[in-house]
**Student:** 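First the structure, which I've put down as C-alpha cells, then a few questions once you've had a look.
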Amino acid sequence: MSTNVSSENGGKTANTDGNSSVGDLNQPLRYSPAEIEPKWQARWDADASLYAAEGHGIGEKGLGKPKYYCLEMLPYPSGQLHMGHVRNYAIGDALARHMWMRGYNVLHPMGWDAFGLPAENAALKNGVPPREWTLGNVAAMKKQMRRMGLSYDWSNEVTTCLPDYYRWNQWFFLKMFEKGLAYRKKSKVNWCPECQTVLANEQVIGGRCWRHEDTVVEQRDLTQWFLRITKYADELLEGLDKLEGWPEKVRTMQRNWIGRSEGAHVDFAVAGRDCDDTDATAGPSTRATRLAQDDTSSFQTVKKITVFTTRVDTIFGATSVQLAPEHAVAKMFALEDDALRVKIEGLLAEQQKARESDALGAIEKHGVNTGRFAVNPFNGERVPIWVANYILADYGTGAIMSVPAHDERDFEFAQKYGLKVRRVIVPADVTDEEPALPYLAEDDAVLIGSGSWSGLGCVAAQEKMAAFAKAKGFGTPTVTYRLKDWGVSRQRYWGTPIPMVYCDSCSPDEPMPVAESELPILLPEQIDITQTNGSPLGRVAEFVNAKCPKCGGKARRETDTMDTFVDSSWYFYRYTDAKNSGAPFDSDKANYWFPIDQYIGGVEHAILHLIYSRFWTKVMRDLGMIRNDEPAERLFTQGMVIKDGAKMSKSKGNVVSPDLMIERYGADATRMYALFAAPPDRDLEWQEEGVAGISRFLGKVYRLTTKFAGAARTTNGGSRKGSAEEQVLLRKLHQTIAKITQDFDGRWHFNTSISSIMILVNEITANEAAIDAGEISPAVVSEVLRGLILLLASFAPFFAAEMWEQIGGEGVVFRTAWPVADAELARENEIEIPVQVNGKLVTVVKVPFGSSEVVVKAAALADEKVKARIEGKTVAKVIVVPGKLVNLVVK
RNA sequence: GCCGGGAUGGCGGAACUGGCAGACGCAGCGGACUCAAAAUCCGCCGAGGGCAACCUCGUGGGGGUUCGAUUCCCCCUCCCGGCACCA
C-alpha cells in the first residue's frame, strides 16, 4: 500500500494546520491519527482472527503454546467509557498484546455487567425499557472500545442480562439450594429507601448506601435469600496467604472483612431479681413468664446469657455483663420493668439517630443498670447485668463479660459508672513495674487472682479455661467472624429471577426449586416498574402464577431478583465457553484457561466482587466443575484517574471525556498518555498538555519512520558491526528492548518503558544527519526502525500497524515475535565512573567497560581535579565499586 | 484509634539490590525558520552566590548507621485510601 494515500491530505484532520506541503516530496508527511486509526480499525473488525487476542482453546490453534488469560474487570454499561476504564483497558491491552508477541496463546475477553438499578431508573425517567436502554449502551461502549483499538475477543462476549447468561445464575442457585448453600431466613436487613431494596452488608458504607452517599440505610425485618459464604470463611481467609500475586492491601482488606477471631462462649446464669439469689440458675420470674406469653419468642427459656470473649483468661476480672440493647434478655427485663424499658428504648433510638448522622463510632459509651445479676461460672461471683450502647447485637452473641482492667472500652465504661476494676493479669517479668490499666498484653503476661488458674500464661490459660468450660458444660471454644452470609434478594425488576416457587396448598412458606429443565425462568418484558414498595415482579400475574412442582396445583413464583454481584461472581468462567447452551461452561475449557493469569481492575472491588468471586470459585470446585481453588493467580489494582486534585466525577464537574481526547489526539496518544503519566498502580493526574506531548512524540516517530522507510524496506537488518554511530544506535535499541522486556516481566512501570522509547527516538534524531549522509547503513536503520515499531506495538497499536506497513514489515506487527535484547550489542564500550572525595562528587572519569579495580583507581587518581582536591592530604582509604564509583577518603 | 499507601523542581514523575538526585514529558524562557503567526528545529531550565572557572545548600522535619542515604533503622509532621465500639 502506498504511503501517500493515508496521509497526503493530513490537513483536514484533527491536527489541522493548513499544511501546504502536499506534493512536496522533500517534506515528510504528517502524523494523522484521524486517518490511520479508522483505517486499521476497519481491518481489525474484518479479520478478528489476525488482530484480536482471541484465545484458542484446547485442541485448537493455541496448542503447543503456553496459555495466558489476561482479564480486565467487566464494566457496567452506563453508555459512556470514562478515563478509569481507558486506563484499565490500556494496561490490560498492552499486556495482552505483549504476551501475544511473547508467544503465548492469549485469552483477552470482554463483557457487560448489564443488570442493575440504573437501567430501571433510566426506564422510569425516559420511558425506555431497561433491556433496550442497556443493550443500546452496550453497543455504544463497544464502539468506543473498538475505537480505542483494544484487542478483545468479541467472539466470547458475555452480557449478563441476557437469558443465555442469567439462566446459569439460576442453575447455580438451584445447585446451591440443593447443597444447602442457598437458604431463606427472616432477618434484619439493610434497606435503602432510594433503591427501594435491600443491600448486602458489603454494600453499606458508613451506614449509607453504596450507590447513594446521601441516603441513610434503614433496618427492616424481611425474609430474604442468603448464600452461605460463611461456610467458606476459613478457606477464604487461609487462601489469602497463598495469593502472593495479589496486592497486600487487598489481602488485608479481605482479612479484616472476614474478621475471624478465636475465643470462647461462656454461659453466665441469670440470677433472680434483686438480692434473690437463692436459685441462680432458675428461670426468669413468673411475671416475666406471664408477660412473655403474648410474645412468640422463647423468653421463658432464657436462664442464661452466653457471652463471647477472646480473653477468657481474664474472666476472673469480669465485673459486669453487658448486653446489646436488642438482646433477648434485655427485652425480657424490659417487659418486667417499665422504667428500664424506657431507658433501653432510649438507647435504641439514640443508635438509630447516630446511624443517620453516620456517627455510630463516635457515640459516647453509656448504658443502664438492669438491677439484675449474672453468675460467673468460673468463680460463682454475682455481677450486675447492664445494657450498653457499645455492644453490637450482630457480632458474637450480642453479650459480653466486661473486664475493665484488661479492655479499653470496658475500662472507659467502668470509669464512667464506677464499676469495679479488678486486675487479673500482670507481666511475667516480676521486675517490671505494674503497668497502668487497662493492661492488654497477653503474650508475656500471667494470671493472678484467678483461683487455680493463677500463674498460668495468658495464651495457655485461654485454651485450658475454654476446655474446662466445655468439660463442665457452661461454655465452649468458638470462632466468630465478622463476615455474614451474603443476602442476595433484591426487590427489583432488572435482575435474575430467583428460580423458586411457593405452593399454596403444599406449604405456602416452604420454597421449592423449579425443575432444571424449566430454566431459564425468563424475566418478563414490557412491565410496569413504577417505584413502590415490594418487588415489581409481584405485580406481573403471568410471572407470579406457576405450577407446583410437587402437587401440580397453583403456586407463586419468588418475585425477588438476585443481587447483581451474583452475575459478576463467575462471568470470567463463561468467557472460556460463552456460547455453551448446555452448561455454564465446559469443564475442560475452563480447566485449560484457569486460573486467570492476570486480573486487572479498580481497588474499589477489593471486598465485594473479589470476595464473592473467590467464594463462587470454591463452590464450583466443590461441585466438581473446575479444579482451581482461586479465580486469579495475579491481581493488579490500578490507581484512580484524578483531575485538578480530585477523582473525576460528574458532581465535581471535572470529567474529561475519552471521546474528546481521542478526537483531538487519537486513541493511541490517549491510551499511551494513560500509561505514561504515572506508574499504573498510582493515582494519575490527567493533564491534556501531556496527551498533546505524546501526540507530538508519535508525530516525530512518524516523520522519522516515513522519511527512512525506503532504507528500512531494502533490508531486514541484521547488521552487527559498523561505525561508532551505528553502534550507538544499535546499543540504544537493544538497551531499550531489555528495559521494556524487564518492565513487562516485573514492575509494570510503563511510564518508564515509554520514556525509554522516547530516549531511543531522541538518539535516532541526534543521528538523523548521519543517516541522511549515508553514514549509517540501511541495515542498521532498518533494524532500529523495526525494533522501535515492535516496542510501540503494545502501547500504540494503530500507530504501530501503520508504521509497520510503511516500512514494509511482513505480516501483522502484533503477530511478530517480540525482539530479543542482544546483551553484547547493548553493552557500553566506555563507562563513566563518578569519583568522590569524602563522599562528595568531584568529577567523572571515563574507563573502558569492564576495567579492573586497579585501572579505575589509577584513572581516578590521575584526574587533575582529584589531584587538586587531595593535594597535601593523606588518602586514608580508596573505595572502588567496579562499574559504579570511586570514593577517596582523605584526612 | 487501627491497617495500607504516599511526601523528590513551577507540574506529572525518574533514580530497580545503599553509589553522578531531578531521566522522560509538560509548562516556562531564549534563539532559528517565517512578512507574520502556527507547526517544526536548536539551546536554557532545583535554590543561593560568582563576570567566570566554580562554590555552597538541596529528596516533608529531627536523630542514627555507613567511605557514601531519596534508598536502611528510630522518632515526629502532614496528605490520600480503607476499616472503625468486632469484645
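Computed from heavy atoms alone, side chains included, the values below leave out hydrogens, waters and symmetry copies. The chains referred to below are lettered A, B, ... by the order of the sequence lines, with proteins before strands, and numbering in each begins at 1. None of the values given here were measured: they were computed from a predicted structure.
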**Student:** Considering residues at least two apart in sequence or located in another chain, which fulfil the ring pair (Phe, Tyr, Trp, His ring centres under 6.0 Å) criterion with A/His265?
**Tutor:** A/Phe308
**Student:** B/G19, B/A87, B/A23: which one has an atom nearest the side-chain heavy atoms of A/Asp407?
**Tutor:** B/A87
**Student:** Establish, yes or no, whether a centroid distance under 6.0 Å links the rings of A/Trp246 and A/Phe636.
**Tutor:** no
**Student:** Could you list the residues that satisfy ring pair (Phe, Tyr, Trp, His ring centres under 6.0 Å) with A/Phe744, not counting sequence neighbours?
**Tutor:** A/His98, A/Phe750, A/Phe795
**Student:** Can you give me the N/O atom pairs linking the protein to nucleotides 54-58 of chain B at distances under 3.5 Å, or say none if there are none?
**Tutor:**
{"residue": "B/C55", "atom": "OP1", "partner": "A/Arg869", "partner atom": "NH2", "Å": "3.0"}
{"residue": "B/C57", "atom": "OP2", "partner": "A/Lys840", "partner atom": "NZ", "Å": "3.3"}

**Student:** Can you tell me how far P of B/C20 sits from CD1 of A/Ile831, to the nearest Å?
**Tutor:** 13 Å
**Student:** How many Å lie between CD on A/Glu604 and P on B/C80, as a whole number?
**Tutor:** 19 Å
**Student:** Could you go over nucleotides 41-45 of chain B and give all protein N or O partners under 3.5 Å, atom names and distances?
**Tutor:**
none

**Student:** When all nucleic acid strands are considered with a 4.0 Å heavy-atom cut-off, which category describes A/Pro247: base, sugar-phosphate, or nothing?
**Tutor:** nothing
**Student:** Is the shortest side-chain heavy-atom distance between A/Leu419 and A/Trp386 below 4.5 Å?
**Tutor:** yes
**Student:** Report each atom pair, protein N/O against N/O of nucleotides 64-67 of chain B, whose distance is under 3.5 angstrom.
**Tutor:**
{"residue": "B/C67", "atom": "O2'", "partner": "A/Asn887", "partner atom": "ND2", "Å": "3.2"}
{"residue": "B/C67", "atom": "O2", "partner": "A/Asn887", "partner atom": "ND2", "Å": "2.4"}

**Student:** Could you give the CG-to-P distance, from A/Asn762 to B/C24, as a whole number of Å?
**Tutor:** 7 Å
**Student:** Output side-chain donor-acceptor pairs under 3.5 Å for residues 672-683 of chain A, partner residues at least two apart or in another chain, one line each.
**Tutor:**
{"residue": "A/Tyr673", "atom": "OH", "partner": "A/Glu685", "partner atom": "O", "Å": "3.1"}
{"residue": "A/Tyr673", "atom": "OH", "partner": "A/Gln687", "partner atom": "N", "Å": "3.0"}
{"residue": "A/Asp683", "atom": "OD1", "partner": "A/Met640", "partner atom": "N", "Å": "2.9"}

**Student:** In whole angstrom, what separates A/Phe697's CZ from B/C24's P?
**Tutor:** 13 Å
**Student:** Testing the 3.5 Å rule here: is there a donor-acceptor pair between the side chains of A/Thr705 and A/Tyr31?
**Tutor:** no
**Student:** Please state whether the rings of A/His605 and A/His609 are parallel, tilted or perpendicular, taking 30° and 60° as the class boundaries.
**Tutor:** perpendicular
**Student:** When you check the side-chain N and O atoms of A/Glu828 and A/Gln735, is any donor under 3.5 Å from an acceptor?
**Tutor:** yes
**Student:** With a distance cut-off below 6.0 Å to the six-membered ring centre and an angular limit of 45° from the axis, does A/Lys365 pair with A/Tyr390 as a cation-pi contact?
**Tutor:** yes
**Student:** Is the ring pair A/His406/A/Tyr439 parallel, tilted or perpendicular, if the boundaries are 30 and 60 degrees?
**Tutor:** perpendicular
**Student:** What integer number of Å spans the P atoms of B/A23 and B/C74?
**Tutor:** 32 Å
**Student:** Enumerate, atom names and distances included, each donor-acceptor pair closer than 3.5 Å involving a side-chain atom of residues 831-846 of chain A, sequence neighbours excluded.
**Tutor:**
{"residue": "A/Asn838", "atom": "OD1", "partner": "A/Val890", "partner atom": "N", "Å": "3.0"}
{"residue": "A/Asn838", "atom": "ND2", "partner": "A/Val890", "partner atom": "O", "Å": "3.4"}

**Student:** Name the residue closer to the 5' end of RNA chain B, choosing between A/Thr397 and A/Lys739 according to the nucleotide with the nearest heavy atom.
**Tutor:** A/Lys739
**Student:** Can you name the side chain to side chain contact (heavy atoms under 4.5 Å, CB included) partners of A/Asn762, sequence neighbours left out?
**Tutor:** A/Lys700
**Student:** Rounding to an integer number of Å, can you tell me how far A/Leu392 CG sits from B/C86 C1'?
**Tutor:** 6 Å
**Student:** Quick check: closest heavy atoms across A/Ala374 and A/Val321, and the distance to 0.1 Å?
**Tutor:** CB-CG2, 4.1 Å
**Student:** Would A/Lys857 and A/Ser852 count as a side-chain hydrogen bond (donor to acceptor under 3.5 Å, both in side chains) here? Give the steps.
**Tutor:** CA-CA 9 Å; A/Lys857 185 174 166 182; A/Ser852 69; over 6 Å; no
**Student:** Pairs counted as Watson-Crick or G-U wobble with both distances under 3.5 Å: what dot-bracket string results for RNA chain B, using | for bases tied to another strand?
**Tutor:** (((((((..(((......[....))).(((((.......))))).((((....))))..(((((..]....))))))))))))....
**Student:** If you look only at pairs with a residue in residues 248-258 of chain A, which of them pass as a salt bridge (Lys or Arg N to Asp or Glu O under 4.0 Å), with sequence neighbours excluded?
**Tutor:** A/Asp241-A/Arg255, A/Glu248-A/Arg251, A/Glu248-A/Arg255
**Student:** Could you state the atom-to-atom distance from CD1 of A/Ile759 to P of B/A15 in whole Å?
**Tutor:** 11 Å
**Student:** Just checking, is any N or O donor in the side chain of A/Glu763 or A/Thr765 under 3.5 Å from an acceptor N or O on the other one?
**Tutor:** no
**Student:** Test of understanding: with ring pair (Phe, Tyr, Trp, His ring centres under 6.0 Å), list the residues that count as partners of A/Phe268, not counting sequence neighbours.
**Tutor:** none
**Student:** For A/Ser756 and for A/Met640, locate the closest nucleotide of RNA chain B by heavy-atom distance; then report the residue assigned to the nucleotide nearer the 5' terminus.
**Tutor:** A/Ser756
**Student:** If the glycosidic angle is within 90 degrees of 0 it's syn, otherwise anti, so just tell me which one B/G18 is.
**Tutor:** anti
**Student:** Detail all sub-3.5 Å separations between protein N/O atoms and N/O atoms belonging to nucleotides 9-12 of chain B.
**Tutor:**
{"residue": "B/C11", "atom": "O2'", "partner": "A/Gln687", "partner atom": "NE2", "Å": "3.0"}
{"residue": "B/G12", "atom": "O2'", "partner": "A/Ala677", "partner atom": "O", "Å": "2.5"}

